[in-house]
Structure formats: structure tokens, C-alpha cells
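Computed from a predicted model, the values in this text were never measured in an experiment. All chains are named by letter (A, B, ...) in the order of the sequence lines, taking the proteins before the strands, and each is independently numbered beginning at 1.
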Protein chains: 2
Amino acid sequence: MLKATFRALSDSTRREILSILREGPKTAGEIAAHFPTTFATISHHLAVLRDCGLISDEKQGKYILYELNTSVLEEIAVWLSSFKKDSKKDETL
Amino acid sequence: MLKATFRALSDSTRREILSILREGPKTAGEIAAHFPTTFATISHHLAVLRDCGLISDEKQGKYILYELNTSVLEEIAVWLSSFKKDSKKDETL
DNA sequence: ACATCAATTCGATAATTGTCTAAATAATAA
DNA sequence: TTATTATTTAGACAATTATCGAATTGATGT
């Protein structure tokens, strides 16, 4: 869903989370340690990112590992490409 | 600003407005005619798109012509490209 | 069983947003 | 001038959101 994805990406904390996850999977705690906000707030952001498929989570014992999922970013790229000068493709809302 | 741009793109009406403007510049009225909402609402959406640079407006007598500005979409594309598999840093290719 | 740690969920609050109607601005026409 | 047309702006409302502290779940270790 483009709506939810763009909405998710509009928050700088969430974009930074995605940036952190480019290095590889990380636990919620490792991610939260990068920010001055509370764990509860980061947990909320992770849920937003997960709900639109930008990240996936996997339980590993005591921890939850979050991993970047680039396929949703690919969808955004496809949408963007329809605005390229010579692209008279149909509208993908 | 990525924040404002993603925020603007998270609304389907605004994405549709951009899609309409791919055909070329249109007046606010022509744009509004595509939607069931009021002119005031579309005017608000146009202001949001203008404020983040996704469209530009030009007064033509009685009318205001709105035009798509793809350079901001390019910025999004650049941001996305930093998430490509082999792009560990921000390379603008 | 109990305590501890990792993470989420709950409840509340302040800020933002999309939409409306109604009023205002600005340009043209009669 | 007055009227009409195009568009924005103002004011209000309900819905959504980001954030917090506190309570809760779930896994591990003593």
C-alpha cells in the first residue's frame, strides 16, 4: 500500500531506522539505542515499518531481530519511474 | 525536505493530482473537476504539493496553472538508490 | 519459584491532518 | 459600478499520530 509506505517514510526516525538496518539485521534494543526517545516509541516506529512491509521481524529467543525489506522500496521506485519524462505508462496510484 | 515530500505523497488524492499533471499543466479547476471533494479541499492539497516543491503554480489571468516539478521526485529516487543492494554509501548514479 | 531482561501494549495527551462550509481575494465581463 | 468566475483562506470538526510513563508479556538465568 503506497499510502502506508509513504506515510511511514515521512518520519525521520523511521527513515533513520531503515538506514541503520542497511548494515544488517539488528535487535529492537540495538536500534533503540541510536535514539534519544524511549523504547516504547521506537517499538511503535518498528510496528509502523513492519505493518507496511518495510522491515520484517524474527524472534530469536529473548530478542527480536529486525531486517530491512527492500521490495517495498522497489515498489516506490516503480511508482516514481512512471513520472520519468518518456514514461506514458498508466497511473499507479 | 524528505519529510514534507513523503508526507505529501502519502495522500492518494495528491498522488492522483501528480498523475493528472503528467499530461501537462492544468488549472486548479481542471484538477478539482477530477475529484468528488470540494474545490477548497483540492486547493489545500495543491498548497501541500506546492509547499514541498512537487508542483509549481503560475498565474495566467483569471486562472492558476499548476505544473508538475519532477526534480523533487528525483530527490526521492536518489534517496531510494542508497538502499540498493550494492550501494553501501550514497552514490548518486 | 523468583528475579531480570527484551520488547510490546495500554492509556493519556498534544499536535497535525483532511475535510467541510462560508467568507475573502482577484480577475474578467456586463 | 456590479456581477460572475476562479481560486484561496478562515474557522471548525473528527480522525490520526508521535510521544510518554506505566503495566504486561515472554524468555532466560539463579
Side-chain angles (χ1 to χ4, degrees), chain A residues 1-21 23-69 72 93, chain B residues 1-21 23-69 72 76:
Chain A
M1 206 191 309
L2 282 177
K3 181 191 181 98
T5 306
F6 279 126
R7 188 72 192 73
L9 293 174
S10 72
D11 185 271
S12 68
T13 297
R14 289 194 288 260
R15 288 198 303 279
E16 204 168 340
I17 289 173
L18 295 180
S19 189
I20 288 168
L21 290 177
E23 301 168 12
K26 294 212 181 322
T27 69
E30 287 174 319
I31 294 166
H34 284 77
F35 301 96
T37 50
T38 65
F39 274 48
T41 297
I42 298 301
S43 183
H44 158 73
H45 285 310
L46 290 170
V48 171
L49 290 170
R50 186 186 53 229
D51 288 351
C52 69
L54 281 163
I55 61 177
S56 57
D57 59 341
E58 188 190 351
K59 200 152 195 177
Q60 291 252 331
K62 204 171 172 178
Y63 305 89
I64 300 177
L65 271 180
Y66 283 94
E67 182 174 10
L68 184 62
N69 181 4
V72 175
L93 306 179
Chain B
M1 204 191 304
L2 282 177
K3 181 192 180 98
T5 306
F6 279 127
R7 189 71 192 74
L9 292 175
S10 72
D11 184 89
S12 68
T13 297
R14 289 194 287 261
R15 287 197 304 279
E16 204 169 340
I17 288 173
L18 295 180
S19 188
I20 288 167
L21 290 177
E23 302 168 10
K26 293 213 182 321
T27 69
E30 287 174 319
I31 295 165
H34 284 77
F35 302 95
T37 50
T38 65
F39 275 47
T41 296
I42 298 301
S43 182
H44 159 72
H45 285 311
L46 290 169
V48 171
L49 291 170
R50 186 186 52 228
D51 287 351
C52 69
L54 281 163
I55 61 176
S56 57
D57 59 341
E58 188 192 351
K59 200 151 194 177
Q60 292 251 331
K62 205 171 174 178
Y63 305 90
I64 299 177
L65 270 181
Y66 283 95
E67 183 173 10
L68 184 63
N69 181 4
V72 174
I76 301 288

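Contact of the B:L65 side chain with the B:D57 side chain is not registered, since no non-hydrogen atoms from C-beta on lie closer than 4.5 Å. Looking at heavy atoms from C-beta onward, A:D11 lies out of side-chain contact with B:F6 at the 4.5 angstrom threshold.
Separating the CG atom of B:L46 from the C1' atom of D:dT7 is a distance of 10 Å, rounded to the nearest angstrom. When the P atom of D:dT7 is taken as reference, atom CG of B:D57 falls 11 Å away, rounded to whole Å. In this entry the distance linking CD1 of A:I64 with C1' of D:dA27 reads 11 Å, nearest Å. If you take CD of A:Q60 and P of D:dA27, they are 13 Å apart, rounded to a whole angstrom. Atom CZ in A:F39 sits about 13 Å away from atom P in D:dG21, given to the nearest Å. One atom, NZ of A:K59, and another, P of D:dT25, lie 13 Å apart when rounded to the nearest Å.
Neither OP1 nor OP2 of D:dT7 sits under 4.0 Å from any side-chain N or O of B:S43. Put simply, B:T27 has a side-chain N or O that comes within less than 4.0 Å of OP1 or OP2 on D:dT7. Note on B:R50: every side-chain N or O is 4.0 Å or more away from OP1 and OP2 of D:dT7.
Residue contacts for B:H44: at a heavy-atom cut-off of 4.0 Å it reaches a base atom on one of the strands shown. B:F35 comes within contact range of no nucleotide atom at all, as no heavy-atom separation falls under 4.0 Å. Counting any heavy atom pair closer than 4.0 Å across all strands shown, A:A40 reaches a base atom.
Results of the side-chain contact (heavy atoms from CB on, under 4.5 Å) test with A:Y66 over A:T27, A:I31, A:I20 single out A:I31 as the only residue that passes.
A donor-acceptor distance shorter than 3.5 angstrom exists from the side chain of A:T5 to the backbone of A:M1, with no hydrogens or angles considered. A donor-acceptor pair under 3.5 Å links the side-chain atoms of B:H34 to the main chain of B:E30, judged by distance alone.
Taking the nucleotide of DNA chain D with the nearest heavy atom to each of B:A28 and A:T13, the more 5' of the two is matched to B:A28. Residues A:G61 and A:D11 each lie close to DNA chain D; by heavy-atom proximity, the contact nearer the 5' end of the strand is made by A:D11. Residues A:R7 and A:K62 each lie close to DNA chain C; by heavy-atom proximity, the contact nearer the 5' end of the strand is made by A:K62. With the nearest nucleotide of DNA chain C identified for both B:Y63 and A:Y63, A:Y63 has the one nearer the 5' end.
The nucleotide range of DNA chain C contacted by chain A, defined by atoms under 4.0 angstrom from heavy atoms of the protein and reported 5' to 3', is C:dC5 to C:dT9.
Proximity note for A:T37 (side chain, C-beta onward) versus D:dC20, D:dT28, D:dA18: the nearest is D:dC20.
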Exercise for the section: Please lay out, stage by stage, how B:F35 and B:T41 fare under the test side-chain contact (heavy atoms from CB on, under 4.5 Å). Expected result: CA-CA 10 Å; B:F35 302 95; B:T41 296; over 6 Å; no
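Side-chain atoms of B:S12 and B:R15 form no donor-acceptor pair, as typed in the model, at a separation below 3.5 Å.
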